[in-house]
Amino acid sequence: MGDPLTPQVSERICKHMNEDHADAIPLYARVFGQVEGVTQARMQAIDPEGMDLRVQVDGAVQTLRIRFDHPLRDSEDAHQTLIAMVKQARAQVKQATK
């Protein structure tokens, strides 16, 4: 069982994603946010319902809300959900480029 998704836990998850998995964040924007041409992306916040991304497209910065397919229970659920989402996104991108 993980930690509840408090603002402090959100900050910890975002820091980890932005520093260690930065390549996943544009994929979330592209596949789940349906935003093409993302040149930069950062995870701003995560809560049980979704995540907020800050993305840059054609020089313009926008905030993008990505909703989860279920309410997250805790940080472990967030971890597993983010992994599943990036695997799904990579598979969709790979399929689209065939």
Side-chain angles (χ1 to χ4, degrees):
M1 186 166 157
D3 298 318
L5 287 176
T6 63
Q8 293 80 14
V9 172
S10 169
E11 186 176 318
R12 184 183 80 208
I13 292 170
C14 290
K15 184 175 191 278
H16 170 70
M17 291 299 297
N18 291 326
E19 291 178 358
D20 299 334
H21 304 288
D23 60 321
I25 301 168
L27 284 172
Y28 295 142
R30 180 177 176 186
V31 173
F32 299 103
Q34 301 171 339
V35 177
E36 294 291 333
V38 174
T39 55
Q40 292 183 1
R42 293 186 59 80
M43 187 178 291
Q44 298 291 106
I46 185 170
D47 60 61
E49 304 302 321
M51 60 180 145
D52 296 324
L53 308 180
R54 183 180 165 115
V55 299
Q56 183 173 334
V57 180
D58 297 326
V61 176
Q62 64 187 46
T63 300
L64 180 63
R65 177 73 173 172
I66 307 291
R67 295 205 168 273
F68 298 126
D69 65 356
H70 69 281
L72 302 181
R73 295 180 307 277
D74 54 29
S75 60
E76 181 59 27
D77 192 13
H79 177 80
Q80 295 303 323
T81 299
L82 291 171
I83 289 171
M85 288 175 74
V86 79
K87 286 180 180 178
Q88 180 183 344
R90 286 181 178 140
Q92 285 186 25
V93 168
K94 185 177 180 181
Q95 186 66 28
T97 58
K98 281 188 173 182

Can you give me the closest heavy-atom contact between [X] and [Y], atom names plus distance?
X	Y	value
Ile46	Ser10	N-OG, 3.0 Å
Gly33	Leu64	CA-CD2, 4.0 Å
Asn18	Met43	OD1-N, 2.8 Å
Phe68	Thr81	CD2-CG2, 4.0 Å

Checklist outcome for this item: To the nearest 0.5 Å, atom CG of Asp77 lies from atom CG of Leu5 at 8.0 Å

Checklist outcome for this item: Result for side-chain contact (heavy atoms from CB on, under 4.5 Å) between Gln92 and one of Gln95, Gln88, Lys94 points to Gln88

Acceptor/donor pairs from residues 48-58 side chains to any protein atom, 3.5 angstrom cut, sequence neighbours excluded:
residue : atom : partner : partner atom : Å
Asp52   : OD1  : Arg65   : NH1          : 3.1

List, one per line, each side-chain donor-acceptor pair under 3.5 Å for residues 22-31, sequence neighbours excluded.
residue : atom : partner : partner atom : Å
Asp23   : OD2  : Arg90   : NH2          : 3.0
Tyr28   : OH   : Leu82   : O            : 2.9

Checklist entry - Any chain of hydrophobic side-chain contacts (each under 4.5 Å) joining Ile83 to Leu72? => result no

Checklist entry - Between Asp3 and Gln8, does a side chain to side chain contact (heavy atoms under 4.5 Å, CB included) hold up when you go through it step by step? => result CA-CA 10 Å; Asp3 298 318; Gln8 293 80 14; over 6 Å; no

Item to check | Flag if over 12 foreign heavy atoms under 6.0 Å of CD, Glu36 | outcome: yes

Checklist entry - What do you reckon, is CD of Gln62 surrounded by more than 12 foreign heavy atoms closer than 6.0 Å? => result yes

